[in-house]
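Before any comments, here is the structure.
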Amino acid sequence: MCGFNGFVVTNTTRDNAAVIRDMSDQIVHRGPDDDGYFVNDRIALGFRRLSIIDLEGGHQPMTRAEGDYTVVFNGEIYNYQELRSELEAKGYVFATNSDTETLLHGYVEWGNELPTHLRGMFAFVIFDHVTGELFGARDIFGIKPFYYFKEGSTFLFGSEIKSFLKHPDFTKRFNAELLPAYLSFEYIPDHRTFFDNVYKLLPGHSFRYADGDLTIRRYHEIDFNIDPNITLEQATRRIREQFVESVQAHMIADVEVGSFLSSGVDSSYVAYQANLLTPLRTYSVGYENSQWSELPYSTSFAEQTGIQNKASTMGPEDFFGAAADIQWFMDEPLSNPSAVPLYFVAKEASKDVKVVLSGEGADELFGGYNHYNEPGSMRAYLKLPFFIRSGLSKFAAKFPKVKGRRFLVRGGQPLYKRYFRIDYVFNEAERSQLLRDPSLNFDTATLSKSLFDHVSELDDVTQMQYVDMYTWLIYDILLKADRMSMANSLELRVPFLDKKMLELAMTLPENTRVVPHQGKIALRRAAASVLPPQVSNRPKIGFPSPLFEWMRQPEYAAKISAVFDSTTARHFFNNDFLQKMLADHVSGKVSNMQKIWSIYCFVLWFDQYFAEGAHAAQKAA
């Protein structure tokens with residue numbers, strides 16, 4: 001687990017070795033154990049290492065003994081030992097015991113198809129010394145990040161955008177066109193970023209860069225292959241068997257592995273299964289106010305199962321005090337409040353271990369989110385012809401006091417419009433009032449419509465899962481998981497997000513995933529075979545937070561108000577709208593927590609990355 005960056009050399013008179021070192025210093029938190037560099041007149045590669053596997057022999061950038069290819073790599077390849085045996089049988093000779101070397105020989109053997117052979121979380125770039133070409137790829141889920149900047153002949157790449165800031169040819173410009181998307185989703189569900197000409201390499205994609213041309217290719221796509229004949233009992237057994245194998249694969253390391261532990265079934269199942277393989281330490285975080293703390297549940301579970309658990313608490317001073325640092329580590333603003341406790345639990349775990357397991361991905365793969373229940377609750381109504389529902393929807397929208405208004409309005413919309421994640425923070429009408437430049441606003445549902453169209457023949461629950469896997473999971477859940485763990489030099493592994501677990505999940509019928517009022521049916525039954533019933537049956541509650549109460553306290557309301565009154569906030573947003581939104585929340589009239597936090601996080605982020613003079617520069621442009 002590490003971080004890397006690099007660039008194609010276009011100016012040989014510059015001290016490119018110093019530039020790549022400066023870029024790598026920006027991401028030292030990703031790899032404090034070691035650093036390495038490779039620079040010639042065509043390429044510069046930098047690497048920061050967190051040593052996990054082959055502590056002595058895994059130094060990067062790594063070049064084949066033949067001198068023909070050099071690689072920088074972030075992540076873990078869980079099937080590297082099997083691949084190594086396969087390659088050795090073909091005559092390849094290994095000089096190390098690292099998974100990194102498997103990528104080098106694997107590329108010689110399989111070329112562009114290398115990523116299809118890999119089981120793990122990864123982002124990597126391989127440099128061809130003969131042709132000068134670059135080849136890179138990102139894992140199928142997007143667990144590990146990969147960004148690139150392309151403008152003219154300048155091509156930069158790396159694990160985090162912040163490293164680009166240190167390259168002399170990087171042009172930093174704010175992409176205001178994407179602001180409505182952030183205000184709708186709390187992230188940007190797209191390959192673009194808030195930095196002009198900086199892009200994400202999407203999950204399951206590879207690229208080739210040669211002679212100034214960038215070619216991107218999709219090597220993997222999530223493809224449901226539902227088998228309606230699979231029974232609940234069969235689904236339960238298959239999940240249990242595959243999960244045991246996945247956890248075992250994710251435990252591979254030459255250092256101690258720990259685990260996060262919340263009150264939910266996902267992290268509890270991960271921790272319990274891992275603890276059967278080797279006694280491990282787990283880590284939980286809660287709030288000083290026990291009403292909102294999950295600690296009583298996680299502590300009780302640890303005591304019942306004999307797992308060693310380290311619990312810590314946090315208060316509003318911690319929450320607000322860390323907010324600016326958290327937005328810096330994110331690279332782009334992310335207003336999910338759960339990022340804050342994740343940051344603190346990662347900080348605690350990093351004092352003892354270098355690797356932790358976590359439960360991300362179970363909800364997306366196996367149907368755990370509460371909004372997956374909506375199609376069931378609407379099933380009878382959705383049988384009415386669409387023109388009738390559409391008419392009722394338009395009628396109800398005009399009359400706020402109509403009984404069942406929300407049900408009627410949403411039921412008259414196509415799925416891509418009523419999708420829970422669309423307008424999750426601010427809806428289209430609110431954005432028009434909020435933005436200083438309302439002309440920026442647009443229908444953000446268009447950003448995910450193509451995903452719904454791609455799986456339109458599937459049931460509504462499956463469509464929502466598919467879209468969540470390609471939006472919420474990538475741009476929110478996995479982004480904060482990577483950044484908050486790596487901010488504390490900690491590797492986070494996710495056994496549910498495994499290639500073989502995905503293949504299994506894609507075959508399961510809807511009734512093994514979601515039934516009225518409950519999700520993750522088969523997964524919960526699998527967990528129930530080893531976990532106490534109060535854990536396996538505990539309802540999905542998300543990550544509870546007392547933030548909405550803290551915002552009503554004078555000290556923190558004043559802090560937020562000051563940020564809302566800042567130059568940045570006034571440049572982008574209607575100040576009267578912001579202050580009324582805050583006042584209504586403080587008075588208890590409404591709960592505007594997520595809206596307030598989204599603006600607050602954006603301003604903290606913008607002021608760190610675009611600093612003084614940014615507003616004047618935008619106006620001049």
For this session: State the CE-CD1 distance between M62 and I126, to the nearest 0.5 angstrom.
Result: 11.5 Å
Exercise. Should E491 and K354 count as an ion pair when the cut-off is N to O under 4.0 Å?
Worked result: no
Exercise. Has the side chain of Y343 got a donor or acceptor atom that lies under 3.5 Å from a matching backbone atom of D325?
Worked result: no
For this session: Check whether any side-chain N or O of D139 sits under 3.5 Å from a backbone N or O of M121 as a donor-acceptor pair, and report yes or no.
Result: no
Exercise. Taking all atoms of both residues into account, what is the closest heavy-atom pair of Y219 and S206, and its distance?
Worked result: CD2-N, 3.8 Å
Exercise. Could you state the interatomic distance from NZ (K520) to CD1 (I239), rounded to the nearest 0.5 Å?
Worked result: 11.0 Å
Problem set entry | Check: E101 side chain, S98 main-chain N or O, donor-acceptor pair, under 3.5 Å | no
For this session: Taking only Lys NZ, Arg NE, NH1 and NH2, and the carboxylate oxygens of Asp or Glu, determine whether K200 and D331 approach each other closer than 4.0 Å.
Result: no
For this session: Calculate, to the nearest 0.5 Å, the distance between atoms OG and CG belonging to S300 and L295 respectively.
Result: 12.0 Å
For this session: Check the pair T462 / R513 against side-chain hydrogen bond (donor to acceptor under 3.5 Å, both in side chains), numbers first and verdict last.
Result: CA-CA 9 Å; T462 306; R513 291 175 270 136; 3.1 Å; yes
For this session: Check the angle between the aromatic planes of H371 and Y419 and answer parallel, tilted or perpendicular using the 30° and 60° thresholds.
Result: perpendicular
For this session: With rounding to the nearest 0.5 Å, note down the distance linking OG1 in T193 to NE2 in H191.
Result: 9.5 Å
Exercise. Is there side-chain contact between L357 and M251, with at least one heavy-atom pair below 4.5 Å?
Worked result: yes
Exercise. Does the Q308 side chain pair with the main chain of P279, one donor and one acceptor, at a distance under 3.5 Å?
Worked result: no
Problem set entry | Geometric class of the Y269/F496 ring pair [parallel <30°, tilted 30-60°, perpendicular >60°] | tilted
Exercise. Does one side chain, of Q242 or E245, offer a donor that lies under 3.5 Å from an acceptor on the other?
Worked result: yes
Exercise. How close do V270 and S259 get, heavy atom to heavy atom, and via which atoms?
Worked result: CG1-OG, 4.0 Å
For this session: Using modelled atom types only, decide if a donor and an acceptor are shared between the side chain of S159 and the backbone of F4 within a distance under 3.5 Å.
Result: yes
Problem set entry | Heavy-atom pair of closest approach, residues F301 and Y272 | CZ-CB, 4.2 Å
For this session: Measure from the side-chain N and O atoms of Q273 to the backbone N and O of V244, and report whether any donor-acceptor pair falls under 3.5 Å.
Result: no
For this session: Taking T512 for its side chain and L508 for its backbone only, find out whether a donor-acceptor pair lies under 3.5 Å.
Result: no
Seminar exercise, completed: Closest heavy-atom pair, C2 versus R48, reported as atoms and distance to 0.1 Å, is CB-O, 2.8 Å
For this session: Would you kindly say whether N309 and T282 are connected by a side-chain donor-acceptor distance under 3.5 Å?
Result: yes
For this session: Could you list all the salt bridge (Lys or Arg N to Asp or Glu O under 4.0 Å) pairs where at least one residue sits in residues 499-511, not counting sequence neighbours?
Result: R379-E510
For this session: Anything under 30° is parallel, anything over 60° is perpendicular, the rest tilted; go ahead and classify F146 against Y148.
Result: tilted
Exercise. Any ion pair linking E82 and R119 (charged N to carboxylate O, less than 4.0 Å)?
Worked result: no
For this session: Take N275 and T305 through the side-chain hydrogen bond (donor to acceptor under 3.5 Å, both in side chains) test and state the conclusion after the steps.
Result: CA-CA 9 Å; N275 194 61; T305 54; over 6 Å; no
For this session: Could you check S335 against Q594 for side-chain hydrogen bond (donor to acceptor under 3.5 Å, both in side chains), going step by step and ending with a plain yes or no?
Result: CA-CA 8 Å; S335 59; Q594 188 59 54; 3.3 Å; yes
Exercise. Relative to the ring of Y466, is the ring of Y470 parallel (under 30°), tilted (30 to 60°) or perpendicular (over 60°)?
Worked result: perpendicular
Exercise. With distance as the sole criterion, is a donor-acceptor pair present between the side chains of D352 and Y283 under 3.5 Å?
Worked result: yes
Exercise. Is the shortest heavy-atom distance from the side chain of M506 to the side chain of I222 under 4.5 Å?
Worked result: yes
For this session: Run through Y600, W597, W550, F320 and flag the one making a ring-ring contact (aromatic ring centres under 6.0 Å, His included) with Y556.
Result: F320
For this session: Flag the pair E88 and R84 as a salt bridge only when some basic side-chain nitrogen lies within less than 4.0 angstrom of an acidic carboxylate oxygen.
Result: yes
Exercise. Does S85 reach the main-chain N or O of Q81 with its side chain, forming a donor-acceptor pair under 3.5 Å?
Worked result: yes
Problem set entry | Close side-chain approach of I521 to L232, heavy-atom, < 4.5 Å | yes
Problem set entry | Test side-chain hydrogen bond (donor to acceptor under 3.5 Å, both in side chains) applied to S262 and S267, step by step | CA-CA 6 Å; S262 70; S267 67; 3.0 Å; yes
Problem set entry | Student check: side-chain heavy atoms of L365 and L502 closer than 4.5 Å | yes
For this session: Keeping the roles fixed (side chain from Q608, backbone from A324), state whether a donor-acceptor pair exists under 3.5 Å.
Result: yes
Exercise. Angle class for the F319/Y287 ring planes (parallel below 30°, perpendicular above 60°, tilted otherwise)?
Worked result: tilted
Exercise. For the side chain of R483 and the backbone of F329, is there at least one donor-acceptor N/O pair under 3.5 Å apart?
Worked result: yes
Problem set entry | Separation of D25 CG from D35 CG (nearest 0.5 Å) | 7.5 Å
Seminar exercise, completed: Looking only at heavy atoms, the pair that brings S338 and K480 closest together is OG-CE, 3.2 Å
Exercise. Taking only residues two or more places apart in sequence or in another chain, which ones pass ring-ring contact (aromatic ring centres under 6.0 Å, His included) with H250?
Worked result: Y78
Exercise. What closest approach, in Å, do F366 and A505 show between heavy atoms, and which atom pair accounts for it?
Worked result: CE2-CB, 3.8 Å
Exercise. After noting the C-alpha distance and the side-chain angles of D482 and K144, does the key distance pass the salt bridge (Lys or Arg N to Asp or Glu O under 4.0 Å) rule?
Worked result: CA-CA 7 Å; D482 174 80; K144 293 292 100 190; 2.5 Å; yes
Problem set entry | Listed once per pair and sorted, the salt bridge (Lys or Arg N to Asp or Glu O under 4.0 Å) pairs that draw on residues 334-350, sequence neighbours left out | K310-E348, E348-K351
Exercise. Would W328 and Y609 count as a ring pair (Phe, Tyr, Trp, His ring centres under 6.0 Å) if you check the C-alpha gap in whole Å, the side-chain angles of each, and the deciding distance to 0.1 Å?
Worked result: CA-CA 8 Å; W328 167 258; Y609 277 96; 4.6 Å; yes
